Amino acid sequence: MAAAIRSIVGERFFLEDPASLLAYACDGQTLICRPPRAVVLPATTEEVAAVVRLLYDAGIPYLPRGAGTGLSGGAVPLNGEVVLSLARMKRILHVDPVNRLAVVQPGVVNLRLSQAVASEGLYFAPDPSSQYACTVGGNVGENAGGAHCLKYGVTTNHVLALRVVLPDGEVVDLGGPPGTPGPDLVGLWTGSEGTLGIVTELTVRLLPLPEGRRTALAYFDTVDAASRTVADIMAAGIVPAALEMMDAVAIEGVERGKKPAGHPPDVEALLLIEVDGVEAGLDAEMERIVAVCRKNGVRSVKVAESEAERRLWWDNRKTAFAAMGAISPNYLVQDGVIPLSTLPDVLRRIRAIGEKYGLRIANVFHAGDGNLHPLILYDGRVPGEAERAEAAGLEALRVCVEVGGSITGEHGVGIEKREAMCFMFDPPELEAMRAVRAAFDPKGLLNAAKLIPTPGRCGEVKAAAWEG
Ligand SMILES: Cc1cc2nc3c(=O)[nH]c(=O)nc-3n(C[C@H](O)[C@H](O)[C@H](O)COP(=O)(O)OP(=O)(O)OC[C@H]3O[C@@H](n4cnc5c(N)ncnc54)[C@H](O)[C@@H]3O)c2cc1C
């Protein structure tokens with residue numbers, strides 16, 4: 001088998017030595033890591049299809065991997081799968097400025113795409129904080145979001161067509177120009193976490209770069225006041241391009257991280273608020289936002305005076321996860337969604353969960369669309385702390401579901417939240433999901449350990465979460 005794969009992709013692009021395999025054992029979540037059986041780095045759709053056909057015929061499990069920045073374990077070879085890394089497939093094949101679209105390979109790094117089309121006055125809207133590293137194929141895998149997805153929508157709103165290699169090696173094209181009739185298979189694929197097929201080419205929408213922007217930074221003495229401000233901005237009918245929040249623990253982290261912004265050490269919360277679009281009217285819109293901040297007792301609010309100042313605030317925000325390394329040896333990122341009206345209550349409950357488990361929790365998140373990211377800080381060297389962090393994370397997700405939200409906004413389910421699917425779905429609904437997967441992957445070879453819990457587990461999982 002190894003010889004056959006080598007003959008398809010070339011000697012250098014089939015890895016099986018233990019040191020190389022170790023690099024593919026984890027993704028952005030590091031609690032559960034397993035080295036793969038082998039790693040294959042194909043360069044074309046044809047190579048992916050040929051390798052997949054060999055694996056399928058031999059009954060060998062496998063999974064696709066982009067940059068491995070996923071935060072729910074989607075690219076982790078839990079059962080020693082063969083990893084197909086799409087990292088070499090990083091060409092931008094075609095840019096069409098008139099129809100505002102680009103045809104790209106899946107290994108193109110998200111930010112590179114926007115940089116490459118900037119000279120045409122265009123950009124790719126989904127902007128995960130990991131955009132300097134993550135790939136557009138991985139963005140489709142997770143239906144990734146980002147700070148500016150509040151106004152512009154997440155990945156699924158920006159993908160028009162996909163070329164995919166099905167689990168048996170057949171190559172098919174899905175989707176097409178806007179209005180393509182038939183069931184929305186591109187929508188089904190986007191967010192399927194590499195469980196239905198491997199994306200080898202994407203046609204994505206590009207948006208015109210906004211004419212202008214205004215960015216404000218607001219400091220609050222209480223988390224409640226900041227939460228109320230978020231709710232009031234949205235209730236006023238304003239649609240900011242981005243509305244991000246950090247609490248005191250997160251601020252401590254970013255100020256000790258690589259991109260400090262000089263935030264005061266004693267504020268309880270900050271909001272980073274951006275509006276964009278046609279120049280005329282931006283100042284008035286920002287004035288309305290500032291007025292809402294003042295009504296809620298903001299300590300201070302400042303509009304960025306230069307692009308350098310705006311960049312500093314955004315770099316500070318976008319490196320927030322990494323900055324947690326400055327205040328904690330380990331952290332677990334959670335990703336839940338809640339109705340905005342419940343924000344103050346949910347943040348209070350998350351604080352109480354931290355106290356219950358004796359762990360600090362930093363909150364840094366896309367507040368405008370109610371997409372929370374509690375970062376549960378722990379020390380993996382202390383026996384039992386990792387388990388406590390996991391339990392605290394699960395409890396936070398349970399709270400999100402209880403208030404009418406979801407167990408994931410953008411990071412996906414993967415391994416990490418597989419059991420938490422039981423919080424949201426009944427066994428017949430999960431059975432329907434298994435049936436969809438089996439229609440594409442009857443042998444259950446493609447990333448099979450992810451996304452959908454093992455049948456029959458839900459009773460036990462729910463009992464443990466609600467009674468335990
Ligand atoms: C510091 C940091 C900040 C982050 N911020 C955000 C954020 O703001 N918003 C957000 O949404 N996410 C965020 N993430 C999570 C992560 O970056 C995204 O989920 C991203 O989309 C993953 O892309 P990737 O290329 O790393 O994919 P991987 O991690 O390699 O894979 C992710 C999933 O997609 C599947 N997959 C990968 N490539 C393909 C393909 N070609 N065909 C089919 N399936 C495929 C994999 O099997 C896996 O299930 C962050 C991560 C980090 C580390």
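Worth saying up front: this structure is predicted, and the values here are computed from it rather than measured. Atom set for the values below is all heavy atoms of this structure, side chains included, hydrogens, waters and symmetry mates excluded. We're numbering straight along the sequence, starting at 1. Start at 1 and go down the list; that is how both ligands and their atoms are numbered.
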Would [X] count as a contact of ligand 1 if the rule is a heavy atom under 4.0 Å away?
| X | answer |
| --- | --- |
| G197 | yes |
| N447 | yes |
| K450 | no |
| P106 | yes |

What residue and atom, counting heavy atoms only, is the protein's closest point to [atom], and at what distance?
| atom | value |
| --- | --- |
| atom 39 (C) of ligand 1 | G137 O, 3.7 Å |
| atom 44 (N) of ligand 1 | G194 CA, 3.4 Å |
| atom 27 (O) of ligand 1 | G138 CA, 3.4 Å |
| atom 25 (O) of ligand 1 | T135 OG1, 2.6 Å |
| atom 19 (O) of ligand 1 | E142 CG, 3.3 Å |
| atom 12 (N) of ligand 1 | H411 CD2, 3.5 Å |
| atom 24 (P) of ligand 1 | A67 N, 3.5 Å |
| atom 31 (O) of ligand 1 | A75 CB, 4.1 Å |

With side chain to side chain contact (heavy atoms under 4.5 Å, CB included) as the criterion, how do E201 and V103 come out once you've worked through the C-alpha distance, each side chain's angles and the decisive distance to 0.1 Å?
CA-CA 7 Å; E201 199 174 292; V103 182; 3.4 Å; yes

Hydrogens and angles aside, do [X] and [Y] bring a side-chain donor and acceptor to less than 3.5 Å of each other?
| X | Y | answer |
| --- | --- | --- |
| E244 | H366 | yes |
| N316 | H263 | yes |
| T408 | D335 | yes |
| H411 | Q29 | no |

Near [X], which atoms of ligand 1 are under 4.0 Å from a heavy atom of that residue?
| X | value |
| --- | --- |
| I198 | 42 (N) |
| L86 | 41 (N) |
| F321 | 1 (C), 2 (C), 3 (C) |
| G145 | 9 (N), 10 (C), 11 (O) |
| G74 | 47 (O), 48 (C), 49 (O) |
| A144 | 11 (O), 21 (O) |

Close side-chain approach of L372 to L343, heavy-atom, < 4.5 Å:
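Side-chain contact under 4.5 Å: yes.
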
Quick check: do V249 and I327 have side-chain heavy atoms less than 4.5 Å from each other?
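When only atoms from C-beta onward are counted, I327 and V249 do touch, with a gap below 4.5 Å.
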
Using the rule side-chain contact (heavy atoms from CB on, under 4.5 Å), only one of V172, T45, L84, V199 pairs with V165; which is it?
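Of V172, T45, L84, V199, side-chain contact (heavy atoms from CB on, under 4.5 Å) with V165 is met by T45 alone.
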
Check each of V51, L15, V9 against L41 using the side-chain contact (heavy atoms from CB on, under 4.5 Å) test, and report the only one that passes.
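The option that passes is L15.
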
Quick one: does [X] get an N or O within less than 3.5 Å of an N or O on ligand 1?
| X | answer |
| --- | --- |
| E193 | yes |
| N139 | yes |
| S129 | yes |

Does [X] reach the main-chain N or O of [Y] with its side chain, forming a donor-acceptor pair under 3.5 Å?
| X | Y | value |
| --- | --- | --- |
| D96 | A102 | no |
| N110 | P126 | yes |
| N447 | E193 | yes |
| K151 | D276 | yes |
| Y331 | F321 | yes |

Residue selection (non-hydrogen contact nearest [atom]) among [options]:
| atom | options | result |
| --- | --- | --- |
| atom 15 (C) of ligand 1 | T69, N371, V364 | T69 |
| atom 40 (C) of ligand 1 | V199, V76, V164 | V199 |
| atom 46 (C) of ligand 1 | P64, G68, G70 | P64 |
| atom 14 (N) of ligand 1 | G141, G66, S130, C26 | S130 |

Near R311 CZ, under 6.0 Å, is it more than 12 heavy atoms from other residues, nucleotides or ligands?
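Above 12, so yes.
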
